[in-house]
Amino acid sequence: MAELIVFFSRADQNYVNGEIKNLTVGNTEVAAGMIQKLTGADIFKIEPRHAYSKDYNECIAQAQDDQRRDVRPKLTGYPTSIDPYENIYLGFPNYWGTMPMAVYTFLEHFDFTGKTILYSRGQRIGQQRPGYSKAVSRSKRRSRSGHPRRKCEKC
């Protein structure tokens with residue numbers, strides 16, 4: 001069973017433990033690397049053609065503007081196909097209760113029918129935007145606990 005890790009991450013200035021710090025590698029990219037070491041999965045980084053500012057406050061303003069306008073930024077590329085993958089790990093920072101807009105662009109590009117998408121339970125993916133639900137409605141979404149996204153007897 002082939003697996004793929006797909007993630008969006010941001011280096012440069014980030015808010016970490018109550019202060020702004022310069023990161024050479026974004027937090028989500030670090031986590032994606034850890035998952036890759038554990039699983040041996042292939043890995044793909046979502047990168048917008050026009051990156052957000054390296055300055056934290058400018059980045060915040062740009063990302064909020066993208067959300068307000070419901071932008072789907074163009075990406076630098078995509079995997080050739082997701083057909084070989086049964087499980088897809090999806091990682092991204094939480095941008096005001098939802099995903100960065102570049103993640104929506106990626107998700108809307110593919111058909112996830114029959115795929116299992118695994119993500120952190122702490123993420124509220126797509127609750128404010130219809131794109132996620134539309135893009136992955138045919139997938140089997142699972143939180144990191146392995147339980148289906150909907151409530152079950154074990155939850």
Side-chain angles (χ1 to χ4, degrees), residues 1-16 20 22-36 39 41-144 148-150:
M1 155 178 54
E3 297 182 311
L4 175 65
I5 301 162
V6 176
F7 70 95
F8 176 89
S9 190
R10 187 177 171 283
D12 305 314
Q13 288 187 350
N14 275 269
Y15 193 74
V16 180
I20 295 176
N22 280 309
L23 303 179
T24 55
V25 178
N27 294 320
T28 307
E29 187 166 356
V30 170
M34 290 176 179
I35 294 168
Q36 185 182 39
T39 64
D42 293 338
I43 194 162
F44 180 81
K45 182 176 183 179
I46 298 171
E47 298 182 87
R49 276 194 200 159
H50 302 289
Y52 288 128
S53 172
K54 292 180 179 191
D55 177 88
Y56 178 77
N57 291 315
E58 287 179 28
C59 171
I60 295 300
Q62 291 168 332
Q64 286 178 331
D65 184 56
D66 282 355
Q67 277 193 352
R68 272 192 295 278
R69 295 182 301 120
D70 204 25
V71 169
R72 297 300 187 270
K74 293 184 179 187
L75 305 181
T76 59
Y78 297 89
T80 304
S81 173
I82 62 166
D83 290 345
Y85 303 106
E86 183 175 327
N87 292 326
I88 299 173
Y89 297 88
L90 180 62
F92 54 87
N94 185 324
Y95 278 21
W96 306 283
T98 191
M99 301 180 292
M101 301 312 289
V103 178
Y104 285 99
T105 302
F106 178 87
L107 292 174
E108 292 171 3
H109 184 80
F110 291 105
D111 179 359
F112 291 88
T113 301
K115 308 292 181 195
T116 299
I117 297 177
L118 301 109
Y119 56 91
S120 170
R121 180 174 267 182
Q123 303 291 355
R124 296 179 358 189
I125 44 186
Q127 295 211 349
Q128 297 173 354
R129 306 231 180 262
Y132 174 80
S133 297
K134 177 182 169 191
V136 297
S137 62
R138 296 168 306 279
S139 72
K140 299 175 242 172
R141 294 174 276 173
R142 295 191 181 277
S143 70
R144 69 174 173 221
R149 175 86 166 121
R150 62 188 176 280

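This one's a predicted model, so the numbers in the text were calculated from it and none came from an experiment.
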Donor-acceptor contacts under 3.5 Å from residues 2-12 side chains, at least two apart:
{"unit_1": "Glu3", "atom_1": "OE2", "unit_2": "Asn87", "atom_2": "ND2", "d": "3.2"}
{"unit_1": "Glu3", "atom_1": "OE2", "unit_2": "Tyr89", "atom_2": "OH", "d": "3.2"}
{"unit_1": "Ser9", "atom_1": "OG", "unit_2": "Thr28", "atom_2": "N", "d": "3.4"}
{"unit_1": "Ser9", "atom_1": "OG", "unit_2": "Glu29", "atom_2": "N", "d": "2.9"}
{"unit_1": "Arg10", "atom_1": "NH1", "unit_2": "Gln13", "atom_2": "O", "d": "2.4"}
{"unit_1": "Arg10", "atom_1": "NH2", "unit_2": "Ser53", "atom_2": "O", "d": "2.6"}
{"unit_1": "Arg10", "atom_1": "NH2", "unit_2": "Lys54", "atom_2": "O", "d": "3.1"}

So, Asn14 side chain and Val16 main chain: donor-acceptor pair closer than 3.5 Å or not? no

Can a donor-acceptor pair be found, under 3.5 Å and without considering hydrogens, that links the side chain of Lys115 to the backbone of Asp83? yes

Might you point out which heavy atoms bring [X] and [Y] nearest each other, and give the distance in Å?
{"X": "Tyr52", "Y": "Cys59", "result": "CB-SG, 3.7 Å"}
{"X": "Arg49", "Y": "Leu75", "result": "NE-O, 3.4 Å"}
{"X": "Phe44", "Y": "Gly77", "result": "CZ-O, 3.2 Å"}
{"X": "Ala63", "Y": "Tyr95", "result": "CB-CE2, 3.8 Å"}

Electrostatic pair Asp70-Arg72, nearest N-O below 4.0 angstrom: yes

Taking the side chain as every heavy atom from C-beta outward, state whether [X] and [Y] have any pair of such atoms under 4.5 Å apart.
{"X": "Val103", "Y": "Thr105", "result": "no"}
{"X": "Ile46", "Y": "Phe92", "result": "no"}
{"X": "Tyr119", "Y": "Ile88", "result": "no"}
{"X": "Met99", "Y": "Leu107", "result": "yes"}

Tyr78 atom OH: more than 12 heavy-atom contacts under 6.0 Å: yes

Who are the salt bridge (Lys or Arg N to Asp or Glu O under 4.0 Å) partners of Asp65, not counting sequence neighbours? Arg69

Name the orientation class of the two ring planes belonging to Phe112 and Phe106 (parallel below 30°, tilted from 30 to 60°, perpendicular beyond 60°). tilted

